[in-house]
Amino acid sequence: MTVIRSAITGVGSFLPEQIVTNADLAKIVDTSDEWIQERTGIKQRHKARDDQPTSDLAVEAARKALLDAGRTADEVDMIIVATTTPDMTFPSVASIVQRKLGSGVGVAFDVQAVCSGFVYALGVADGFVARGMAKCALVIGAEEMTRLMDWTDRSTCVLFGDGAGAVVLEPREGQGATTDQGLLGFALRCDGTKTDLLYVDGGPASTGTVGHLRMAGNQVFRHAVVNIAEGVTAACAAAGVAVDDVDWFVPHQANQRIIKGVGDRLGLDENKVVSTVALHANTSAASIPLAFDAAIKDGRIKRGDLVLLEAMGGGLTWGACALRL
Ligand code: UT7
């Protein structure tokens, strides 16, 4: 049976230049490099300049992904940006990215599912590409989480960073088999009863301010391991593959202990798990495409590999996607 798959034909990422180390943060809050590394695995994070909005990071990542795909901006007919830190309340970051890239009129909008945003956005884009409604789609995860930090709250401000990653999706004919190139199966979830565990205490229709990120860290941690493991299992089932068949796991990069906890629960070989949390910290919707790009560029993930992306974040949202590169 012939089917149209959404294939990833290009990948790119971008990190703002400024690096903030754990030692830098220990100068402003009561923390230490030792505590942060031991509890999270994080060594450093990148931080955007004041005059460098989320759309600028997204554009840089998008340009690299287009180059990798051998496509030009004028061929792009759809842009989806997963972000929780837009330049403005509206227009969408995707609209601004379209203008900055110089792509013509097409579909452009943002997806807001916090740290799960990139997996959600891939799921949305897959619907367009596989139904012939987009021929060259950019799916971007771009975040400036440092804008949401309360720099007096040591329990959150040490965890997050800024960055962007992007993929180009194009239709490819497949056989409906697990050997097809493209996105093979998803699991996307939200449990809205747990909005109070991880949220920003501001917004245009509440306080009229941007607000700061608040998190009941250890409760989120417990849900993360269970939920992500469930999402991975469900996405593999939807794709018709076994967890053991997966060549590479590219998890959301929130905490090395969560990544390990999920790996232990699923019995994963830790050599198959990509981790960039030490260098990037938690970049929310950008973390998966940043890690994915890093592992492709350093030669670990190769064309034809079966890859599993997974995430969990505010909402609580979580999800996973099995794909063949
Ligand atoms: O991406 C969205 C999803 N987010 C996540 O997945 C994050 C999930 N949560 C976590 O990663 C972890 O829960 C944290 C890293 C946030 C916290 O680690 P924890 O092992 O759960 O620590 P805790 O919150 O239970 O706090 C332990 C202690 C507390 O002190 P007391 O009450 O035991 O005296 C905290 O006050 O560590 C203290 N603490 C710190 N100490 C030094 C909290 N933050 C810091 C800090 N430096 N930065």
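What you see is a predicted model; the values in this text were computed from it and never measured. Order of appearance sets the numbers: ligands from 1, and atoms from 1 within every ligand.
- For the pair I296 and L325, the minimum side-chain heavy-atom distance is below 4.5 Å.
- Which parts of ligand 1 touch R39 is read off a 4.0 Å heavy-atom cut-off, strictly below it: atoms 19 (P), 20 (O), 22 (O), 27 (C).
- Close approach of ligand 1 to V158 (heavy-atom distance below 4.0 Å) involves ligand atoms 48 (N).
- In this structure, Q37 places its CD atom where more than 12 heavy-atom neighbours from other residues, nucleotides or ligands lie under 6.0 Å away.
- Residue R131 qualifies as open at atom CZ: its count of foreign heavy atoms under 6.0 Å is 12 or below.
- Near C115, meaning under 4.0 Å from any of its heavy atoms, are these atoms of ligand 1: 1 (O), 2 (C).
- The ligand atoms of ligand 1 that sit less than 4.0 angstrom from a heavy atom of A254 are 1 (O), 5 (C), 6 (O).
- Residues T83 and D110 bring no donor and acceptor atom of their side chains to less than 3.5 Å of each other.
- Of the protein's heavy atoms, V220 CG1, 3.8 Å lies nearest to atom 5 (C) of ligand 1.
- Distance screen at 4.0 Å: atom 37 (O) of ligand 1 has a protein heavy-atom neighbour inside the cut-off.
- A donor atom on one side chain and an acceptor atom on the other are not found under 3.5 Å apart for E143 and T283.
- Contacts of M312 with ligand 1, taken as heavy-atom pairs under 4.0 Å, involve the backbone alone.
- Proximity of atom 29 (C) of ligand 1 to the protein is not indicated, since no non-hydrogen protein atom lies closer than 4.0 angstrom.
- Distance alone, capped at 3.5 Å, is enough to place a donor-acceptor pair between the D77 side chain and the K135 backbone.
- Distance from atom 1 (O) of ligand 1 to its nearest protein heavy atom, with residue and atom name: N282 ND2, 2.6 Å.
- Under the 4.0 angstrom criterion, atom 19 (P) of ligand 1 counts as having a protein heavy-atom contact.
- With a 4.0 Å heavy-atom cut-off, ligand 1 is reached by the side chain of L198 but not by its N, CA, C or O.
- Residues L188 and V119 are in side-chain contact: their nearest non-hydrogen atoms beyond the backbone lie under 4.5 Å apart.
- Nearest to atom 16 (C) of ligand 1 among the protein's heavy atoms is L159 CD1, 3.7 Å.
- Using a 4.5 Å heavy-atom threshold, the side chains of V277 and N255 count as separate.
- The closest side-chain heavy-atom distance from V246 to C236 is below 4.5 Å.
- Proximity to N255 (heavy-atom distance under 4.0 Å) selects the following atoms of ligand 1: 10 (C), 11 (O), 12 (C), 15 (C).
- Taking only nitrogen or oxygen atoms, main chain and side chain alike, T40 does not reach within less than 3.5 Å of ligand 1.
- Side chains of L122 and V167 form a contact here, defined as non-hydrogen atoms less than 4.5 Å apart.
- Counting protein heavy atoms only, atom 24 (O) of ligand 1 is closest to N218 ND2, 4.1 Å.
- Of the listed options M145, R154, M215, M215 places a heavy atom closest to atom 4 (N) of ligand 1.
- In this structure a side-chain-to-backbone donor-acceptor pair under 3.5 Å is present from K297 to V11.
- Close N/O approach between G217 and ligand 1 is found [any backbone or side-chain N/O within under 3.5 Å].
- At least one N or O atom of R257 sits closer than 3.5 Å to an N or O atom of ligand 1.
- Counting heavy atoms under 4.0 Å from ligand 1, residue T31 touches it through both backbone and side chain.
- Contact check for M145 versus R45: no side-chain heavy atoms found under the 4.5 Å cut-off.
- For atom 12 (C) of ligand 1, the nearest non-hydrogen atom from the set W318, F221, W35 belongs to F221.
- Within 6.0 Å of NZ on K43 lie no more than 12 heavy atoms contributed by other residues, nucleotides or ligands.
- Residue-level proximity to ligand 1 for T156 is absent, since no heavy atom of it falls below 4.0 angstrom.
- For V29, no heavy-atom contact with ligand 1 is shorter than 4.0 Å.
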